[in-house]
Amino acid sequence: MADVTEVRQADRVDALMVHLARGRVALGAAAFLAPGVTARVLGLGKGPDAGRDMATRLFASREIALGAGYLLGKGQSRSAWARLGVAVDALDAIASIKSRRARGGPAVPLWAAAAFSAVALGATGLGAAKVAKDLTG
């Protein structure tokens with residue numbers, strides 16, 4: 001039987017995952033509706049860029065799906081969404097780190113690459129804690 005401390009920690013992980021999912025939906029909605037503004041705020045360039053805006057909307061769609069899937073899921077379904085989030089966030093961390101090096105073009109600003117990496121690694125860690133909690137009961 002779990003002691004009170006373990007139950008509180010599990011509840012905290014669950015609450016943080018709900019906040020993460022809500023943040024995904026909010027960020028995704030903002031990025032989908034205003035991709036140029038979102039890209040500029042995130043340090044990904046200024047001015048019109050149809051390719052960047054398309055990629056931003058693709059990112060937005062994924063964030064909305066991951067967040068909504070987690071929020072709407074229950075039990076095993078929610079666990080599956082948490083695992084998908086871990087995979088996506090880990091790949092995002094790798095992509096953020098790799099984006100710092102430019103290949104014949106401008107690199108992502110260091111502050112932006114560091115911020116993206118930190119957020120992605122934090123989300124990966126939180127998701128991994130949720131997955132571990134689900135696996136261990």
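Numbers here are sequence positions counted from 1.
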Please tell me whether [X] and [Y] are part of a single hydrophobic cluster in this structure, the criterion being side-chain heavy atoms less than 4.5 Å apart.
X: V18; Y: W81; result: yes
X: L20; Y: L84; result: yes
X: V13; Y: V86; result: no
X: L126; Y: V131; result: no

Closest non-hydrogen atom pair, [X] against [Y]:
X: F59; Y: L27; result: CZ-CD2, 3.7 Å
X: A93; Y: L121; result: CB-CD2, 3.7 Å
X: G67; Y: R24; result: N-CD, 3.8 Å
X: L42; Y: F116; result: CB-CZ, 3.6 Å
X: Y70; Y: R78; result: O-NE, 2.9 Å
X: T56; Y: A39; result: OG1-CB, 4.3 Å

Between V25 and R22, does a side chain to side chain contact (heavy atoms under 4.5 Å, CB included) hold up when you go through it step by step?
CA-CA 5 Å; V25 172; R22 288 177 179 157; 5.8 Å; no

Euclidean distance, R40 CZ relative to R52 CZ, rounded to 0.5 Å:
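The CZ atom of R40 is 8.5 Å from CZ of R52, to the nearest 0.5 Å.
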
With rounding to the nearest 0.5 Å, note down the distance linking CZ in R12 to CG in L16.
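Nearest 0.5 Å value for the CZ-CG distance: 8.0 Å.
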
Can K133 and D14 be counted as an ion pair, charged N to O under 4.0 angstrom?
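Between D14 and K133 there is a salt bridge, with a charged N closer than 4.0 Å to a carboxylate O.
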
Ion pair check, K130 and D134, cut-off under 4.0 Å:
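Salt bridge: yes.
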
Where do S79 and Q76 land on the side chain to side chain contact (heavy atoms under 4.5 Å, CB included) test, with the steps shown first?
CA-CA 5 Å; S79 295; Q76 291 296 86; 4.1 Å; yes

Got a donor-acceptor contact below 3.5 angstrom from the R57 side chain to the F32 backbone?
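Between the backbone of F32 and the side chain of R57 there is a qualifying donor-acceptor contact (under 3.5 Å).
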
